[in-house]
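Below is one structure, written out as structure tokens; comments come after it.
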Amino acid sequence: MKTCLGIELGSTRIKAVAIDGAFRPVSSGDYTWASAYENGIWTYPLDEVWTGLKSALSQVQNREEIAAAGVSAMMHGYLAFDKDWNLLTPFRTWQNTITGQAAAELTELFGFNVPQRWSVAHLYQAVLNGEEHVSRIAHLTTLAGYIHATLTGVHAVGIGEASGMFPIDSAALDYDQTMVEKFDRLPAMEKLPWKLRDLLPKVLTAGQDAGRLTEEGSKMLDGLLPVGIPFAPAEGDAGTGMTATNAVAPRTGNVSAGTSIFSMVVLEKPLEKVYEEIDLVTTPTGAPVAMVHCNNCTNDTNAWVNVLGEAARLFGANPSAGELYTRLYEKSLEGEADCGGVLVCNYLAGEGVTHMDAGRPLALRTPEAKFTLANFFRAQLYATMSTLKIGMDILSSEHVAIDSLTGHGGLFKTPVVGQSYMAAACGAPVTCMETAGEGGPYGMALLASFLLNRGENERLEDFLSHKVFAGASSSTIRPDPACVEGFNSYIKRYKLLLEVEKTAVEKL
């Protein structure tokens with residue numbers, strides 16, 4: 001049985017998923033890791049990339065049957081290499097909010113929002129900082145692009161991934177040439193020995209051949225994958241999330257909710273204004289997408305679940321992690337629609353949408369608030385998506401039409417709960433499929449399958465709708481008016497809470 005493999009390096013797990021010819025997950029493996037805050041930088045050691053990949057792949061069964069593969073990873077960030085692919089400075093991840101000057105100057109220069117986490121913002125900030133390594137850069141890429149290049153020898157990424165490095169021209173299916181030229185003409189760039197395109201990976205779209213696993217690449221994986229298998233273009237977790245949720249056509253969208261949370265809405269037309277809160281990226285085929293990306297989602301909730309589990313064990317109970325999450329999520333449904341006056345800010349890291357450079361998790365209530373477990377945990381779950389709602393409300397003001405949103409990631413594993421709150425937050429129906437928990441690696445496996453099985457001139461959206469998800473098991477929840485009203489009431493107070501958050505960051 002031939003299978004296709006999707007690999008994704010997320011913020012907390014490295015995961016590999018193999019799917020069969022009917023697009024069903026048949027085997028998987030994973031490895032847990034975490035970023036480290038070193039010398040003021042959120043980073044991961046590249047040695048652990050390979051340790052984790054090998055661990056995850058070793059758990060996948062029947063690897064000799066893998067016929068195509070693809071690599072995905074957390075988007076954005078900064079990986080700069082010299083001509084021999086030696087890393088010049090530690091990996092700077094999407095979590096960092098250290099490129100404010102560069103992002104602001106580039107946004108003004110381009111008339112296009114360049115978020116702090118984008119690769120070009122990191123590059124330009126390094127130039128502005130006068131960092132020694134800048135003159136020696138020969139290759140600039142993302143985590144997925146680095147792994148793909150190491151395994152195949154091809155310095156290229158998928159267009160969705162590329163759109164988190166530098167603005168894309170969706171008509172040309174390439175980096176925006178006018179903006180490239182503006183960048184190269186900046187005074188700070190004049191003395192450097194390279195031009196931007198010298199560094200950036202080639203842009204590929206879904207279904208294009210992106211190289212094959214070389215013998216050297218296979219050795220990096222201890223021979224766990226067959227030499228010569230074709231690789232799909234490397235994509236970011238945004239593109240694989242869209243693919244995994246059949247959300248690549250106009251008026252569709254998805255929400256990925258785990259360590260971070262982001263929504264992707266495929267646009268029918270460009271936005272009228274430039275918004276710092278909204279990224280413009282693309283689908284894996286290059287269609288324009290409005291992205292609301294928030295750094296903070298479930299980490300603070302996870303910490304509270306651990307504390308509540310600890311409390312349960314004091315009394316002799318020993319619930320599993322899965323049971324704890326399920327019971328607490330379901331308990332939140334008993335809470336009031338506005339959380340009874342209980343407020344939570346879940347910021348462990350900075351947050352671009354609300355212009356925070358750092359985070360301090362807060363739980364706050366007024367004396368008259370109804371402080372119950374149900375209200376507190378409902379506020380916890382509202383907090384995971386409150387910043388996202390602020391961005392989605394901007395899209396609503398731009399009259400962006402959304403027929404459906406598909407949810408995936410850990411927040412949606414407990415049926416109904418996260419789905420109901422997300423529908424209220426976004427004002428749109430939210431669908432979850434049985435593969436919702438698989439998320440990005442499943443989407444990357446589908447892109448590998450599209451490479452292998454694509455019909456002549458077949459579009460990705462048709463492949464997904466007519467072949468992959470035709471008849472797929474799913475559930476849809478529409479916004480409940482009472483929950484919408486409650487969430488809107490909550491978000492008004494949440495915006496005031498952010499003023500308290502700013503003070504906490506300044507003073508603590």
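Position 1 is the first residue of the sequence, and the numbers go up from there. Please read these numbers as outputs of a predicted model, since none were measured by experiment.
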note = Result for side-chain contact (heavy atoms from CB on, under 4.5 Å) between L280 and one of V114, V289, L267 points to L267
More than 12 heavy atoms from other groups under 6.0 Å of [atom1] on [X]:
{"X": "K331", "atom1": "NZ", "answer": "no"}
{"X": "E336", "atom1": "CD", "answer": "yes"}
{"X": "R493", "atom1": "CZ", "answer": "yes"}
{"X": "Q59", "atom1": "CD", "answer": "yes"}
{"X": "E272", "atom1": "CD", "answer": "no"}
{"X": "W304", "atom1": "CH2", "answer": "no"}
{"X": "E485", "atom1": "CD", "answer": "no"}
{"X": "R478", "atom1": "CZ", "answer": "no"}

Look up atom [atom1] in [X] and atom [atom2] in [Y], then write down how far apart they are to the nearest 0.5 Å.
{"X": "Q419", "Y": "L405", "atom1": "CD", "atom2": "CG", "result": "11.0 Å"}
{"X": "S119", "Y": "L79", "atom1": "OG", "atom2": "CG", "result": "8.0 Å"}
{"X": "E161", "Y": "S72", "atom1": "CD", "atom2": "OG", "result": "7.0 Å"}

task = Verify the ring-centre separation between Y175 and F183: is it less than 6.0 angstrom?
result = no
ask   = In a check of side-chain hydrogen bond (donor to acceptor under 3.5 Å, both in side chains) between H408 and each of T431, T240, N254, which one passes?
value = N254
Look at the aromatic rings of [X] and [Y] and report parallel, tilted or perpendicular, splitting at 30° and 60°.
{"X": "H76", "Y": "W118", "answer": "parallel"}
{"X": "F450", "Y": "F463", "answer": "tilted"}
{"X": "W42", "Y": "Y37", "answer": "tilted"}

request  = Begin from the C-alpha positions of M264 and V292 and carry the test side-chain contact (heavy atoms from CB on, under 4.5 Å) through to its verdict.
outcome  = CA-CA 7 Å; M264 313 284 293; V292 180; over 6 Å; no
ring-ring contact (aromatic ring centres under 6.0 Å, His included) between Y421 and F487, intermediate numbers included = CA-CA 8 Å; Y421 300 158; F487 209 130; 7.6 Å; no
message = Check this for me: does any side-chain nitrogen of one of K467 and E461 sit under 4.0 Å from a carboxylate oxygen of the other?
response = no
request  = Indicate yes or no: does E501 engage R360 in a salt bridge with an N to O separation below 4.0 Å.
outcome  = no
Donor + acceptor pair across side chains of Q125, N129 (<3.5 Å) = yes
query = Under the 3.5 angstrom rule, does the side chain of S474 hit a backbone N or O of C432 as a donor-acceptor pair?
reply = no
